[in-house]
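Both backbone and side-chain heavy atoms feed into the values below; hydrogens, waters and symmetry mates do not.
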Amino acid sequence: MNAIVTVVGEDKVGIIAGVCTLLAENNVNILDITQTIMQGSFTMVMAVDVGKAPVPVGELGARLDTLGKQLDISIRIQREEIFDAMHRI
């Protein structure tokens, strides 16, 4: 099952490493990464495969949210079907 991870916040050292480490610890494969850094603002969108994750997407989302609070950024995960439907509207 594929999902989209969105990271938004101020550009800081350690964001990519922190998110990638958390995903790897949860057996989530990163399929694609797009990132933009503009005037100190950081945005990253990751296509990921959560099929082998030991926890449901909701629990993985809670873990990402906790990491986001530690890094003072916003991290969200959505199943790909939901992400596609939202962008068709």
Query raised in the report: With Ile77, which of Leu60, Thr6, Val28 fulfils side chain to side chain contact (heavy atoms under 4.5 Å, CB included)?
Result: Leu60

**Report entry** For Arg76, side chain to side chain donor-acceptor pair (under 3.5 Å) partners two or more places apart
**Finding:** Asp65

Query raised in the report: So, does Asn26 use its side chain to make a donor-acceptor pair with the main chain of Leu22 at under 3.5 Å?
Result: yes

Query raised in the report: Does any pair with a residue in residues 34-59 pass salt bridge (charged side-chain N to carboxylate O under 4.0 Å, His left out), and if so which ones, sequence neighbours excluded?
Result: Glu59-Arg63

Name each donor-acceptor pair under 3.5 Å that joins a side chain in residues 10-19 to protein atoms two or more places apart or in another chain, with its distance.
unit_1 : atom_1 : unit_2 : atom_2 : d
Lys12  : NZ     : Leu71  : O      : 2.8

Query raised in the report: Sequence neighbours excluded, which residues qualify as side-chain contact (heavy atoms from CB on, under 4.5 Å) partners of Gln70?
Result: Thr66, Leu67

Report task. Could I get the full list of side-chain contact (heavy atoms from CB on, under 4.5 Å) partners for Ala47, not counting sequence neighbours? Result -> Ile4, Leu31, Asp32

Query - Set of residues satisfying side-chain contact (heavy atoms from CB on, under 4.5 Å) with respect to Ile30, sequence neighbours excluded - result: Cys20, Leu23, Ile33, Met46, Val48

**Report entry** Chi angles and distances behind the side chain to side chain contact (heavy atoms under 4.5 Å, CB included) call for Ile73, Val7
**Finding:** CA-CA 7 Å; Ile73 58 174; Val7 181; 3.5 Å; yes

